[in-house]
Colleague: 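I'd like to ask you about the structure that follows.
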Amino acid sequence: MRWGGEWDGRFIWVLLNSGSSGAYAFNHDPNSLKGVHSYRQPAAYFPTPGGTFTGESLPGDVTWARSYIRQGVLWMDIGRGEVVQLPPAVRDEWWNSTTRVWPFMAADLHMSRDTLMAHYMSNHIAVAYGDVFSEMVALSQELGFKVRIISNSH
């Protein structure tokens, strides 16, 4: 999670993946690399050359999760959200204000910025397209995480 802004009456987070990203976010086709580009990771962050897929994530419902340790206990925050498609001018302004070679996702995490920041325990979230909320809760509990639901469902 980098930052975000108000757009169309809601707070939209700019999510970038500096490590790696699958092609599905850019084409919604598990059997294709269509629409994917790879650029060399910025040497300032990654001295050893490498690349990551990049592009603009397509709109759709998502389930998100983030893990952290608090007082020696593993926790998992889980919520629902939606990837939105911003107008090109807004998208480019926001994307150019970050690291352009990283994949861009504009996400409504179905809560206000202040609510998310009040519960801020981890900068990194994992995002999966589709409603796998119940499965993520069950898996996290089975793996021994304390689970915190931190999103309004829509």
Side-chain angles (χ1 to χ4, degrees), residues 1-33 35-36 41 45-46 52-88 90-154:
M1 297 167 33
R2 293 293 249 198
W3 48 269
E6 292 289 329
W7 180 76
D8 198 28
R10 52 188 172 164
F11 191 83
I12 305 298
W13 286 96
V14 173
L15 305 180
L16 302 173
N17 188 338
S18 64
S20 65
S21 179
Y24 187 83
F26 315 122
N27 63 32
H28 287 193
D29 181 354
N31 299 312
S32 170
L33 295 178
V36 172
Q41 291 278 30
Y45 306 121
F46 297 93
T52 187
F53 287 159
T54 191
E56 178 185 8
S57 298
L58 295 176
D61 292 333
V62 294
T63 301
W64 64 268
R66 64 181 176 185
S67 64
Y68 53 93
I69 299 172
R70 185 173 65 192
Q71 298 176 336
V73 177
L74 285 170
W75 284 82
M76 185 74 75
D77 291 349
I78 303 172
R80 292 182 174 97
E82 174 190 4
V83 176
V84 298
Q85 189 165 23
L86 300 172
V90 174
R91 178 204 60 213
D92 290 345
E93 177 186 351
W94 289 11
W95 204 352
N96 289 330
S97 297
T98 60
T99 305
R100 183 69 191 217
V101 300
W102 290 344
F104 179 89
M105 180 180 279
D108 176 353
L109 299 181
H110 290 176
M111 73 185 85
S112 72
R113 177 198 62 140
D114 292 347
T115 297
L116 184 71
M117 294 310 291
H119 298 279
Y120 188 85
M121 298 300 293
S122 174
N123 189 42
H124 297 279
I125 68 173
V127 178
Y129 276 92
D131 184 2
V132 294
F133 181 84
S134 298
E135 293 85 346
M136 189 65 192
V137 169
L139 175 62
S140 298
Q141 290 172 333
E142 182 67 26
L143 292 172
F145 286 87
K146 289 247 200 214
V147 172
R148 183 168 65 157
I149 309 306
I150 192 170
S151 176
N152 299 324
S153 57
H154 283 233

Colleague: So how far is it from M136 CE to T63 OG1, rounded to the nearest 0.5 Å?
Modeller: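 Nearest 0.5 Å value for the CE-OG1 distance: 9.0 Å.
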Colleague: Can you measure from CD1 (I78) to CD1 (I149) and round to the nearest 0.5 angstrom?
Modeller: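 So the CD1 of I78 and the CD1 of I149 are separated by 5.5 Å.
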Colleague: Return the minimal non-hydrogen interatomic distance between P103 and F26, and the atom names on each side.
Modeller: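 For P103 versus F26, the nearest heavy atoms are CB-CZ, 3.4 Å.
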Colleague: State the CG-NE2 distance between D61 and H110, to the nearest 0.5 angstrom.
Modeller: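 The distance works out to 7.0 Å.
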Colleague: If you draw a 6.0 Å radius around CD in E6, do more than 12 non-hydrogen atoms from other residues or ligands fall strictly inside?
Modeller: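 Yes, the 6.0 Å shell around CD holds more than 12 heavy atoms from other groups.
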Colleague: In a check of side-chain contact (heavy atoms from CB on, under 4.5 Å) between M105 and each of V83, V14, L16, L58, which one passes?
Modeller: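 So the option named by the test is V83.
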Colleague: I'd like to check W64 versus L15 (side-chain heavy atoms, cut-off strictly below 4.5 Å). Are they in contact?
Modeller: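 Result no, sub-4.5 Å side-chain heavy-atom pair not found.
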Colleague: Go through the structure and list residues passing side-chain hydrogen bond (donor to acceptor under 3.5 Å, both in side chains) with D114, not counting sequence neighbours.
Modeller: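 For D114 there are no side-chain hydrogen bond (donor to acceptor under 3.5 Å, both in side chains) partners, ignoring immediate neighbours.
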Colleague: Tell me the closest heavy-atom pair linking Q141 and V147, and the distance in Å.
Modeller: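 That closest heavy-atom pairing would be CG-CG2, 3.6 Å.
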Colleague: L86 and E56: which non-hydrogen atoms are nearest, and at how many Å?
Modeller: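 The pair with the smallest heavy-atom distance is N-OE2, 4.3 Å.
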Colleague: For Y129 and S57, which heavy atoms make the closest approach, and how far apart are they?
Modeller: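 Shortest heavy-atom separation between Y129 and S57 comes out as OH-CB, 3.4 Å.
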Colleague: Looking only at heavy atoms, which two atoms of W7 and Q85 are closest? And how far apart?
Modeller: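 Heavy-atom minimum between the residues: CH2-O, 3.7 Å.
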Colleague: Hey, could you give me the CD/CG distance between E82 and D108, rounded to the nearest 0.5 Å?
Modeller: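 That separation rounds to 6.0 Å.
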Colleague: Could you grab the distance from atom CG of L33 to atom CG of N27, nearest 0.5 Å is fine?
Modeller: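 Here the interatomic distance stands at 7.5 Å.
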Colleague: Can you give me the closest heavy-atom contact between S32 and A23, atom names plus distance?
Modeller: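 So the minimum-distance heavy-atom pair works out to O-CB, 3.6 Å.
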Colleague: Less than 4.5 Å apart, side chain to side chain, heavy atoms only: is that true for R10 and V84?
Modeller: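 Yes; the side chains approach each other to less than 4.5 Å.
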Colleague: Under the ring-ring contact (aromatic ring centres under 6.0 Å, His included) rule, collect the residues that match up with F104, sequence neighbours excluded.
Modeller: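 For F104 the ring-ring contact (aromatic ring centres under 6.0 Å, His included) partners, ignoring immediate neighbours, are W95.
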Colleague: Knowing that exactly one of R148, K146, R70 qualifies, which makes a salt bridge (charged side-chain N to carboxylate O under 4.0 Å, His left out) with D77?
Modeller: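 Exactly one candidate clears the test, R148.
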Colleague: When you look at I12 and V90, which way does the side-chain contact (heavy atoms from CB on, under 4.5 Å) test go after all the steps?
Modeller: CA-CA 11 Å; I12 305 298; V90 174; over 6 Å; no
Colleague: Nearest 0.5 Å, what's the CG-CE distance between L143 and M76?
Modeller: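 If we round to the nearest 0.5 Å, L143:CG and M76:CE are 7.5 Å apart.
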Colleague: Do the ring planes of W13 and F11 sit parallel (below 30°), tilted (30 to 60°) or perpendicular (above 60°)?
Modeller: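 Ring orientation of W13 relative to F11: perpendicular.
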